[in-house]
Amino acid sequence: KQCSFKSWFQQISEDFAAYIVYLLTGAWIFSAIELPYERELRLELLDARRDFLGNNTCVSDARLEELLARALEANNYGVSVLRNDDSDNWNFVSSLFFSSTVLTTTGYGHTVPLSDGGKAFCIFYSLFGIPVTLFFLSVAVQRIMVLVTRRPISYLHRRWAMSKSKLAAIHATCLAIVTASLFILVPAWVFTSLESDWDFLESLYFCFMSLTTIGLGDYVPGLGFLMLAGVSVFALPVYLLLGLVCVLVVLETCCELPQMKRLARRFNHENVRELDSETANIIDLDHTGGRLSDHSDPVMAHHPPAIPSVSEQAASLRQDKSAPYTPVPGSAVNGNLR
């Protein structure tokens, strides 16, 4: 048991170390890419602030700092001070979009409850809504998996006589391509047409971040999509739910690949081998104990008792049933007792 625990702890440590290395690598790459751009943008803002104070000497630095802090605080709650941005964040369409992002755990963060009542209701709404949504997604994914993955693979395997591992890999690749085209590439093109300040990369970035439930909130559909949603109110929430279901189907299909299962078994190979060795030791001990008990009686060791066959046991039972019952005399019993 101690060796098994050490093997398990070593395997967990190696997996955790590999994950930490991957996490640190991502942090280093993001820092190398984004830090120079952040510093450049910071210098531009300082120059703009310095120019504003120079051209408006009646405004003090402290009052400007106070105004900017108030504007940024309001912007964090989704309220902008720009004159050309007079859209309501809590009309029915925006509230429906917010509800869908809460239940799917996307959480863009561009719109948040302002009042205490809204925050309390958001907790209560999420407490019951998120488990129901996860249950709905799980049931939907399992039913769709039967139709789009398991049955097609079984049918093509019988029809083409191709190995299931190769057929499953081809099917998973085709399913991933179709899902990416229908729920990422095509919607990205639609968002590029509706949002005037988005290019294709930004629209693609928004679709990917939404369907993977990352939802950073730096890109959110604005007036262009809300005008479309005025005709079809449920357009964006339906897109999020259907896209999330399809992404989960692709992930579940990939997890059922024989190659992925072999990879998962490889991680547990050491534990299984340790378990097999312990089982072999137990079996050896049982055999050793049996041999020791046999050697303790030399007569039994050289002449082991014969085990009757099934037919002999049946014949013996028939003889017992056919023999008449004769009572034992009481005197004989008393004599034996004495």
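Nearest heavy-atom pair across Leu244 and Leu211 is CD1-O, 3.5 Å. Residues Asp199 and Thr192 share a closest heavy-atom pair of O-OG1, 3.7 Å. Contact between Leu240 and Thr101 at its shortest, heavy atoms only, is CD1-CG2, 4.2 Å. Contact detail for Ile170 and Met162: the closest heavy-atom pair is CD1-SD, 4.4 Å. Contact record, Thr253 with Ala172: CG2-CB, 4.0 Å, taken as the closest heavy-atom pair. For the residue pair Ala169 and Gln259, the shortest heavy atom distance occurs at CB-NE2, 4.1 Å.
Using a distance-only test at 3.5 Å, with no hydrogens or angles considered, no donor-acceptor pair links the side chain of Ser31 to the main chain of Ala27. Side chain of His171 to backbone of Val148: a donor-acceptor contact under 3.5 angstrom is found. Judged by distance alone, the side chain of Ser99 and the main-chain N or O of Ser95 form a donor-acceptor pair under 3.5 Å.
Side chains of Trp28 and Leu24 form no contact here, defined as non-hydrogen atoms less than 4.5 Å apart. Inter-residue side-chain proximity for Phe128 and Val132 is flagged as unmet; no heavy-atom pair is nearer than 4.5 Å. Using a 4.5 Å cut-off on side-chain heavy atoms (C-beta onward), Cys122 and Phe98 make contact. Using a 4.5 Å cut-off on side-chain heavy atoms (C-beta onward), Phe191 and Tyr219 make no contact.
Ring geometry for Phe97 versus Tyr108: interplanar angle under 30°, hence parallel rather than tilted (30 to 60°). Taking the six-membered ring for Trp and thresholds of 30 and 60 degrees, Phe183 and Tyr239 have nearly parallel ring planes, at less than 30 degrees apart.
Grouping the Ile, Leu, Val, Met, Phe, Trp and Tyr side chains by contacts below 4.5 angstrom, directly or via other members, places Tyr205 apart from Val186. Placement of Leu147 and Met145 within a single hydrophobic cluster is found when ILVMFWY residues are connected by side-chain heavy-atom separations under 4.5 Å, directly or transitively. Linking ILVMFWY side-chain heavy atoms closer than 4.5 Å, directly or via other members, places Ile184 and Leu216 in a single hydrophobic cluster. Placement of Leu241 and Ile214 in two distinct hydrophobic clusters is found when ILVMFWY residues are connected by side-chain heavy-atom separations under 4.5 Å, directly or transitively. A continuous path of Ile, Leu, Val, Met, Phe, Trp and Tyr side chains, each step under 4.5 Å between heavy atoms, connects Leu204 with Val178, placing both in one hydrophobic cluster.
Arg70 has no carboxylate O lying under 4.0 Å from a charged side-chain N of Glu66, or vice versa, which leaves the two without a salt bridge.
Atom CH2 of Trp189 sits in a sparse spot, with 12 or fewer heavy atoms from other residues, nucleotides or ligands closer than 6.0 Å. Summarising the local packing, NZ of Lys119 is surrounded by more than 12 heavy atoms from other residues, nucleotides or ligands at distances under 6.0 Å. Heavy-atom contacts from other residues, nucleotides or ligands closer than 6.0 Å to CZ of Phe200 number more than 12. No more than 12 heavy atoms of other residues, nucleotides or ligands shown are found within 6.0 angstrom of CZ on Arg151.
Between atom CG of residue Leu257 and atom CD of residue Glu252 there is a gap of 10.5 Å, rounded to the nearest 0.5 Å. The line from OH of Tyr125 to CD1 of Ile130 is 10.0 Å long, rounded to the nearest 0.5 Å. Distance CG/Leu134 to OG/Ser138: 8.5 Å, rounded to 0.5 Å. In this structure, CZ in Phe135 is found 11.0 Å from CG in Leu137, a value given to the nearest 0.5 Å.
Exactly one of Val249, Val250, Leu251, Val245 qualifies for a side-chain contact (heavy atoms from CB on, under 4.5 Å) with Val247. That residue is Leu251.
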Side chain to side chain contact (heavy atoms under 4.5 Å, CB included) evaluation trace for Asp61 with Arg49: CA-CA 9 Å; Asp61 191 11; Arg49 177 174 178 170; 2.5 Å; yes

Trace of the side chain to side chain contact (heavy atoms under 4.5 Å, CB included) decision for Ser154 with Lys164: CA-CA 8 Å; Ser154 300; Lys164 275 195 172 182; 4.3 Å; yes

